[in-house]
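In the text below, chain A, chain B and the rest are named by the order of the sequence lines, each starting its count at 1. Since the structure is predicted, the reported quantities are computational estimates derived from the model, not experimental observations.
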Amino acid sequence: MTIRIYNSLSRQKEIFEPVENNKVRMYVCGPTVYDSCHIGHARSVVVFDMIYRYLNARGYEVFYVRNFTDVDDKIIARANEAGVSCDEISEKYIKEFHKDMASLNMVSPTMEPRATAHIDQIVNIIAILVKKKYAYVVDGDVYFSVEKYPDYGKLSGRRLEDMVAGSRVEIDPRKQNPYDFVLWKASKPHEPQWDSPWGKGRPGWHIECSAMSAEYLGQTFDIHGGGKDLIFPHHENEIAQSEAAFGETFVKYWVHNGFINIDQEKMSKSLGNFLTIQEIVKTWHPEALRLFLLSNHYRSPLDYTDQAMQEATAGMDRIYGLMGRVAQYLDQPLIRRYGSDGQSALADKTETGRLFLEAMDDDFNTARAIGILFDTVRNINRLIDADEAAKTRASQEQIVTEAVDIFKIGKILGIANLPPDVYFQQKQEKGTGLRKIDPSWVEEKIRMRKQARQNKDFAAADRIRDELLALDIILEDRPGGTIWKMKQ
RNA sequence: GGCGGCAUAGCCAAGUGGUAAGGCAACGGCCUGCAAAGCCGAUAUUCUCCGGUUCGAAUCCGGAUGCCGCCUCCA
């Protein structure tokens with residue numbers, strides 16, 4: 001069994017073989033911390049979170065680095081606007097980022113290095129590039145000379161000549177080639193600055209990733225990830241810098257996730273359709289967002305709409321509804337079995353497990369994997385329908401086995417691992433909070449309806465149910481009593 | 001101008017040579033006082049269009065049309 005990964009560099013799926021047998025070194029470009037995270041960040045982070053979890057579950061020892069870019073023009077601009085220091089801006093948004101990640105049930109990377117904590121390493125690499133004549137110095141700035149690096153363009157599939165022909169890039173007279181990019185920038189008086197052989201300055205954007213990845217993962221590592229938009233120029237430049245400086249292959253597998261559109265439009269601040277993670281999580285359950293984000297293949301574009309979130313919510317309700325049903329059906333808590341089975345993080349003994357592995361091994365095909373998950377949900381529901389009254393030993397065993405598969409799959413996708421009542425509770429709180437509904441009022445209505453039903457006054461009972469439904473409250477009359485759920 | 005991607009039921013979506021997963025919605029049935037939830041059933045003779053290769057193509061090749069992304073900070 002082998003994993004195949006689509007490599008942006010070769011433009012095809014390749015068999016995954018890490019540099020060092022069962023160890024995986026992975027670097028993912030993290031955010032520039034000058035603003036709140038939006039759903040695009042969420043997709044990227046969820047995708048690599050899933051990849052990280054899956055590789056771990058497949059038995060690899062994964063060293064996962066995700067950086068913070070905490071020195072940058074945009075941060076400086078923000079700091080100047082607000083009249084505070086750059087550190088204050090970046091601190092604020094790093095904290096917010098961590099909060100957002102926690103709300104989305106994201107696993108922490110092994111390390112989260114910051115650019116400003118690696119100035120020495122950055123200066124060192126630039127010094128090597130200058131010494132090897134890949135870079136040149138102009139008035140305290142240092143530029144990388146793209147013409148000196150023959151492979152420039154190999155990741156993005158473009159040749160220097162073509163680009164220059166159709167270029168819209170402003171010509172900077174100090175650059176030898178318009179596509180030369182800055183490694184070190186001379187600082188203006190009130191900007192963050194560090195000493196360097198070329199005078200006081202700060203690092204350019206691309207060099208930090210070359211420096212930090214080399215520091216923690218070595219000069220060659222396995223997976224480098226990020227959004228598709230980073231292919232050019234960011235990742236192209238990283239390759240040029242790192243390979244020019246170290247003379248080694250930089251990265252074996254380049255992995256890039258596709259973009260998110262909102263209502264079929266490109267998300268942008270000027271269009272005003274910029275959705276932050278915090279806004280989304282106010283309305284929708286975080287696991288619905290994860291399910292939505294993983295319901296498409298990670299390289300495809302993905303269109304965010306309310307309907308899509310509604311559907312994802314219905315999907316999560318279905319999964320947790322089943323989990324709750326299983327818990328009620330079983331004589332023993334499911335979690336006990338799961339705990340004892342927890343060692344093997346991956347279901348590979350069952351048919352479900354095998355199908356799941358097959359899907360995920362094929363370039364992390366979560367869309368297919370989710371299909372398998374729903375197949376399993378239906379199958380368990382069917383089994384319980386057939387056996388609810390009898391609760392035979394054999395049937396319980398089978399149901400437990402399948403339910404454990406759901407747990408395990410959920411663990412890799414980062415969903416379906418809450419106790420079901422907690423999930424519905426959270427949804428209820430979100431829903432009632434948004435609509436300013438008092439839960440005790442709902443309970444009171446349910447009591448009134450129960451009374452009416454006992455009196456066989458079904459008209460009155462149905463009136464109450466309709467009243468609640470108008471507020472997106474759905475009632476379910478179960479053997480043990482009536483429960484209520486929020487629609488979204 | 002250069003580079004790349006996509007087109008599958010009402011909607012979302014998997015499938016990359018062997019006879020169309022899954023989800024949402026809608027419809028019929030079981031269940032229910034009626035619902036909801038759950039289950040069952042029927043829903044694409046067909047995968048944008050036109051050619052070609054093949055015993056066989058949604059899948060490969062050529063062409064057309066349409067949509068989209070990148071080439072500038074961007075997940």
When the [atom1] atoms of [M] and [N] are compared, how many Å lie between them, rounded to an integer?
N     : M     : atom1 : result
B:C50 : B:U8  : P     : 16 Å
B:A58 : B:A21 : P     : 14 Å
B:A36 : B:C30 : P     : 14 Å
B:G63 : B:A75 : P     : 37 Å
B:A57 : B:U16 : C1'   : 10 Å

So, under a plain 3.5 Å distance rule, would you say the side chain of [X] forms a donor-acceptor pair with the base of [N]?
X      : N     : result
A:N365 : B:G15 : no
A:D477 : B:C34 : yes
A:R325 : B:G38 : no
A:R465 : B:A35 : yes

Nearest whole Å is fine: how far is B:A36 P from A:I473 CD1?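 Between P of B:A36 and CD1 of A:I473: 17 Å.
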
Listed nucleotide nearest any side-chain atom of A:H38, set B:A75, B:C39, B:A37: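 For A:H38, the side-chain atoms sit closest to B:A75.
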
Ring centroid separation A:Y179 to A:Y152 under 6.0 Å: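 A:Y179 vs A:Y152: aromatic centres not under 6.0 Å.
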
Looking at [N], I'd like to know if its phosphate oxygens (OP1 or OP2) sit under 4.0 Å from a side-chain N or O belonging to [X].
X      : N     : result
A:K13  : B:U16 : no
A:N296 : B:C12 : no
A:R318 : B:C39 : yes

NA contact type, A:M316, heavy-atom cut-off 4.0 Å: base, sugar-phosphate, or nothing?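 Here A:M316 touches no strand at all.
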
Going by side chain to side chain donor-acceptor pair (under 3.5 Å), name the residues that satisfy it together with A:D73, two or more places apart in sequence or in a different chain.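 With neighbours one apart ignored, the set is A:K185, A:R202.
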
Partner set under side chain to side chain donor-acceptor pair (under 3.5 Å) for A:H256, not counting sequence neighbours: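 With neighbours one apart ignored, the set is A:S8, A:H235.
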
Would you call A:R354-A:E351 a salt bridge at under 4.0 Å N-O?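 Looking at A:E351 together with A:R354, the answer is yes, because their closest N to O distance falls below 4.0 Å.
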
What class does the angle between the rings of A:H224 and A:Y27 fall in, given that below 30° is parallel, 30 to 60° is tilted and above 60° is perpendicular?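 Taking A:Y27 first and then A:H224, their aromatic rings sit tilted (interplane angle of 30° to 60°).
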
Looking at residues 203-211 of chain A, who's got a heavy atom less than 4.0 Å off RNA chain B?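 RNA chain B contact set from residues 203-211 of chain A: A:W205.
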
B:C3 pairs with, by Watson-Crick or G-U criteria that keep both distances under 3.5 Å: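 The base-pairing partner of B:C3, which may sit in any strand shown, is B:G69.
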
